[in-house]
There are 2 protein chains.
Amino acid sequence: MIKKAEASLPVYYRLQVSIRNEIESGRWKPGEMIPTERALAEIHAVSVGTVKKALLNLVFEGYLYRVQGKGTFVAGTTLRRESLRYYRLLEHFDDVEADLKVRFLESSEMNCFEPVTRYLNLTPRQKLYEIKRVFLAGEKPVAYTVSYLPQKMFKGLGKLPKSLFEKVTLYKVLEQNYGLPTIYNHELFQIVPAEAEVAGNLKIPEQTPIFFIEMLSFTYKDKPYEYRQAFCHPGKRKLFRET
Amino acid sequence: MIKKAEASLPVYYRLQVSIRNEIESGRWKPGEMIPTERALAEIHAVSVGTVKKALLNLVFEGYLYRVQGKGTFVAGTTLRRESLRYYRLLEHFDDVEADLKVRFLESSEMNCFEPVTRYLNLTPRQKLYEIKRVFLAGEKPVAYTVSYLPQKMFKGLGKLPKSLFEKVTLYKVLEQNYGLPTIYNHELFQIVPAEAEVAGNLKIPEQTPIFFIEMLSFTYKDKPYEYRQAFCHPGKRKLFRET
DNA sequence: GCTCATTTGTTCGTATGTATC
DNA sequence: TGATACATACGAACAAATGAG
């Protein structure tokens, strides 16, 4: 028996939720094609127009993209740039963007610790991958980042070639190897003095005040999957954001 | 004669652009109702479905909102919170939001200066309003802001009651008194030592490293209308952002 | 380069449901 | 209650892009 509240929801909306759940459950990976409008209409016994409305809403929501003549596909990471790349480096509002290179430093396995355990919803016994990277503008290091990912979700991450991490963004690596797109993230900004490890990697004097940005990235179902600490010293340039 | 490129665009899209232009030209103010679907369909000699598609796209773009049984209305400012309020203050990701009070310090008229002239697309002879405010978390000042607005666009702004600026956000004041919604803004982050004026208003020692955030706000047609300098010292708390 | 089957995009029309005042 | 306005749902026809042969 169907509850009244459910029964009264529009058909297109129930279809939309149903397809969204299938995507979130991993039935299709990012980039894969889902059934055609006509097929979905027949399967669910509704009109093509109703299917189209459900699919277009999922496009708006960022779950799908459609290509005329080809089909409807599962979308990947919705963030337009990667985290620290998303913060463009400018001198003025009308300056041109500086582009960044990534240097992979090291990856290792370690035990969970607070506050990562809490942020990533882990048990204290689970293991973490730790990934350290430096971002360079020209030759100058502008950011040093340390990422923590649950080992359970990303088995074999430590065995991927280091060069991969310098060619594409971390988000792309995770999406293509584990089918997990990044939907949104949270950030906390602070100003802190550079400690020895950070100052060394950024090639600045110790105790220099720098940006300390904690970042928490989420995938489907609001599941957090990465906690990152970024230490940023943009030099003459400034961090740019668009709202 | 209609150009080929124009003629080949979909009907709903041309209608969408046409209505958007009318909104941007100020034909209807935020909150006002626009003609009904049926009326628009007759005026433009298209089907109701086509009108609906154009209107729903404008809803998605943030120009309109619709209420079943009432009508379609021009939307106001699209930013969910005001600038520095948009940066919530938290201690941890799972902390609760601190709420801010605004204290209006002073407003005055002044001549244009660089880089404001350039950022706001003004001529050097135009005048500016300068508005200084302090944001308080509890009793502690956490941000000191100085806004610059072109006098030409906001005639009589200096004569509005000061209390108004402490009750509603600056964006609301501008929207309700001048019909100008805020569509998006740009920000540049820096770390600077607090100078005397800033340190005094934030009640911190001079030379303390603080956030210096330059902000440029835009309304319709990508027209910049406010340049703001925000000096922020969140204390124990951190600046929070959601992407 | 062309044709054809497939798939999405556009546009029309109609009927009915639901919220507002 | 009735008039108005938006929302849902169906169906049909044609346009436009894609890819395979």
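Throughout, a chain's letter reflects where its sequence line sits, starting with A, and its residues are numbered from 1.
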Would you state whether a donor and an acceptor, one from the side chain of A/Glu37 and one from the base of C/dG9, lie under 3.5 Å apart? no
Under 4.0 Å, counting only non-hydrogen atoms across every strand here, what does [X] touch: a base, just sugar-phosphate, or nothing?
X       : value
A/Val48 : nothing
B/Lys52 : base
B/Val11 : sugar-phosphate
B/Gly49 : nothing

Do the side chain of B/Glu166 and the main chain of B/Phe104 share a donor and acceptor less than 3.5 angstrom apart? yes
Provide, to the nearest angstrom, the distance between the [atom1] atom belonging to [X] and the [atom2] atom belonging to [N].
X       : N      : atom1 : atom2 : value
A/Leu40 : C/dT7  : CG    : P     : 11 Å
B/Lys53 : C/dG13 : NZ    : P     : 17 Å
A/Lys70 : D/dT18 : NZ    : C1'   : 8 Å
A/Leu15 : D/dC10 : CG    : C1'   : 15 Å
A/Arg14 : D/dT8  : CZ    : C1'   : 12 Å
A/Leu9  : D/dA7  : CG    : C1'   : 14 Å
A/Tyr12 : D/dA7  : OH    : C1'   : 8 Å

Let me know which of B/Lys162, B/Arg133, B/Lys132 forms a side-chain contact (heavy atoms from CB on, under 4.5 Å) with B/Ser107.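 Of B/Lys162, B/Arg133, B/Lys132, side-chain contact (heavy atoms from CB on, under 4.5 Å) with B/Ser107 is met by B/Lys162 alone.
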B/Asp95, B/Val142, B/Leu90 screened by side-chain contact (heavy atoms from CB on, under 4.5 Å) with B/Arg237, the one that passes: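 The residue from B/Asp95, B/Val142, B/Leu90 that satisfies side-chain contact (heavy atoms from CB on, under 4.5 Å) with B/Arg237 turns out to be B/Asp95.
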Compare the minimum distances between each of D/dA7, C/dT8, D/dA9 and the side chain of B/Arg66, then state the nucleotide with the smallest one. D/dA7
Would B/Tyr63 and B/Glu24 count as a side chain to side chain donor-acceptor pair (under 3.5 Å) here? Give the steps. CA-CA 9 Å; B/Tyr63 283 89; B/Glu24 291 181 341; 2.8 Å; yes
